[in-house]
Amino acid sequence: MTLDVIVVGAGHAGCEAALAASRLGARVGLVTLRADRIAQMSCNPAIGGVAKGHVVREIDALGGAMAKVADATGIQFRRLNTSRGPAVRSTRAQSDAALYRSAMTDVIASAPGVTVIEDEVVDLTSVDGRVTGVSLSRGGSLACRAVIITTGTFLNGLCHVGSEQFTGGRVGDAAALRLSSALTRLGVALGRFKTGTTPRLAADSIAWDRLEVQHGDEPRPRFSFDQVPSTLPQVPCHITHTDAATHAVIRSGLDRSPLYCGTIVGRGPRYCPSLEDKIVRFSDKESHQIFLEPEGLSSDRVYPNGLSTSLPKDVQDAFLRTIPGLEHARVLQYGYAVEYDYAQPTQLDARLMVKCALGLFLAGQINGTSGYEEAAAQGLMAGLNAVRWLGGEAPAVLGRDQAYIGVLIDDLVTKGVDEPYRLFTSRSEHRLTLRETNAEERLWQVADGWRLLSSERREAAARREAERSSLRAALAERVVDAPLAASLALSIPALTNIQGQRLADVIRRPEADPEVVMRAAALSATTDTVQLVDEDIKYAGYIAREAKQIERMRELEAFRLPASMTYLNAPGLSREVQEKLASVQPLSLGQASRIPGMTPAALALLRVHAHRAGAES
């Protein structure tokens with residue numbers, strides 16, 4: 001059997017990679033160590049968060065599955081940063097981990113052309129620098145035309161609890177121990193990163209009445225632009241804190257921490273540090289917040305978000321006894337750290353294909369990222385690009401001005417990583433343009449051009465686009481007459497002297513509630529449409545300023561650098577800049593400008609060299 005694409009790993013990246021390739025008509029083999037662990041939530045049982053929620057909505061706009069599965073299996077939904085501007089408002093959903101895994105497994109099972117293969121990929125075959133298949137641990141091989149590796153933390157995974165070590169990509173699952181050698185033979189350079197997880201606690205052993213309750217939002221926010229039915233009850237999370245006693249226990253155990261005694265060599269995530277790392281790095285803080293998150297409606301396991309640790313089991317028991325509400329907590333699974341191999345992503349081009357191995361794509365934590373959402377986004381783009389590459393089509397690349405997914409991938413392949421990468425809204429230069437609310441408006445036509453959308457989804461997106469256009473036109477054209485002005489003044493007393501103004505100008509005022517204005521004017525539209533149009537009107541000046549910045553950047557992006565350009569020994573450029581240009585092989589002057597260490601003077605010299613080499617502009 002010859003497949004078009006083989007996806008190695010069925011985590012969040014692997015699922016979206018397989019589904020994207022399937023939507024384009026490819027025959028896909030999805031190889032996983034355990035078919036009952038598809039889309040397993042190895043760490044926190046949640047989807048979304050700051051910037052991550054933006055990515056989930058973008059995945060949905062591109063036809064992906066994560067948003068719909070999260071909406072169907074969420075047990076608490078919240079909007080974050082609601083007191084701040086629309087650029088940073090994000091959605092987060094607490095998930096029922098078992099139901100999420102089951103629902104995504106069903107999506108994979110129903111995807112045309114996708115075959116799930118329970119085995120381990122131990123080698124890659126290639127001919128003349130082009131990947132042609134994989135070898136399996138149980139014997140035999142699979143021929144294919146492209147391979148996407150999405151191994152997460154499983155590549156040479158080594159878990160740590162105190163001095164105890166065991167191989168595995170996570171507790172209870174074996175590591176992929178032979179695939180690293182295959183990648184190295186193909187010329188892929190690997191490094192080591194580290195991540196960690198928290199102890200899991202028994203729900204019936206926690207003193208819930210001593211904890212602060214945090215309820216979800218009603219009406220429930222959602223990720224998908226389509227309506228996804230869900231009858232699941234919504235449950236609260238709870239909040240507690242560490243204190244001086246907790247910190248004293250942790251400090252007393254640091255000499256036995258694999259993180260501090262030199263056992264762990266991999267670099268950990270700056271923005272999601274272990275508890276012991278927080279105590280050392282932020283020694284001035286008297287306490288740290290902990291969110292107790294249920295893993296599911298029928299599960300007795302609780303995830304204490306904020307207690308990631310690899311300290312010895314007795315130290316974990318000891319510090320838990322110092323935390324309010326957890327004094328008698330029973331540990332169902334101790335926290336641990338896992339080290340794993342990753343590939344420096346500057347070895348990839350913008351398609352996520354390895355430069356030294358044609359047909360080999362990498363997505364997810366193997367590229368040095370962290371988070372389910374970042375992984376899923378890479379998987380979708382890798383699956384899309386693998387099929388387009390096989391068909392001789394142009395790369396599918398999202399710009400930094402089009403999507404957070406574009407920011408993510410450009411950061412990876414241009415700047416590389418020296419620690420696990422996490423996406424934030426602050427990483428985008430154009431974050432008011434890249435809001436959660438307008439993800440579909442930004443991307444659905446792009447997705448349709450890439451053939452990622454079903455006919456039903458295309459029609460639904462077009463209907464929503466038409467509704468937005470109709471509302472914008474109505475607000476721009478309708479003039480406030482005397483009766484409407486009087487009605488609005490009764491509802492919103494601050495709205496004075498508005499007779500003769502257009503409704504769009506009224507809504508632009510900060511005190512104007514768009515829903516109230518719409519009702520008074522007898523206009524109707526969905527809540528999502530009203531929210532999006534309201535943001536566009538209220539922030540029009542800022543959005544226009546960003547549009548000018550985007551246009552200037554597009555001029556640099558339009559200046560394409562010849563593939564034949566050589567950078568080493570280029571006159572005038574420092575050796576450091578030469579080496580970085582040679583490593584990244586930027587596609588455009590815009591991408592070159594974002595390489596760390598690139599100066600305006602070096603960029604001007606690069607433009608001159610490119611003109612001599614026959615650049616397109």
May I ask you to decide if [Y]'s main-chain N or O and [X]'s side chain share a donor-acceptor pair within less than 3.5 Å?
X: Glu58; Y: Ile405; answer: yes
X: Asn385; Y: Ala396; answer: yes
X: Arg468; Y: Leu532; answer: no
X: Tyr303; Y: Pro45; answer: no

When you look at Arg431 and Glu546, which way does the salt bridge (charged side-chain N to carboxylate O under 4.0 Å, His left out) test go after all the steps? CA-CA 9 Å; Arg431 59 184 183 173; Glu546 279 195 0; over 6 Å; no
Rounded to the nearest 0.5 Å, how far apart are CG of Leu99 and CE of Met104? 13.0 Å
Working to the nearest 0.5 Å, report the span between CG of Leu443 and CD of Gln402. 7.0 Å
Are Arg192 and Tyr340 in a cation-pi contact, defined as NZ or CZ under 6.0 Å from the six-membered ring centre and within 45° of the axis? no
Between Tyr421 and Arg427, is there a cation-pi geometry (under 6.0 Å to ring centre, at most 45° from the normal)? yes
Take Arg321 and Asp317 through the test salt bridge (charged side-chain N to carboxylate O under 4.0 Å, His left out) and record every step on the way to the result. CA-CA 7 Å; Arg321 286 194 292 271; Asp317 286 329; 5.3 Å; no
Let's go through Arg78 and Glu293 carefully: what are the C-alpha distance in whole Å and the side-chain angles of both, what is the deciding distance for salt bridge (charged side-chain N to carboxylate O under 4.0 Å, His left out) to 0.1 Å, and is it a yes or a no? CA-CA 13 Å; Arg78 296 184 64 229; Glu293 303 172 342; over 6 Å; no
Write out all pairs satisfying side chain to side chain donor-acceptor pair (under 3.5 Å) with one or both partners inside residues 30-45, taking only residues at least two apart or from two chains. Arg34-Asp36, Arg34-Asp173, Arg37-Asp173, Gln40-Arg101, Ser42-Arg170
In this structure, are over 12 heavy atoms from other groups packed under 6.0 Å from Glu218 atom CD? yes
Listed partners of Glu456 passing salt bridge (Lys or Arg N to Asp or Glu O under 4.0 Å), at least two apart: none
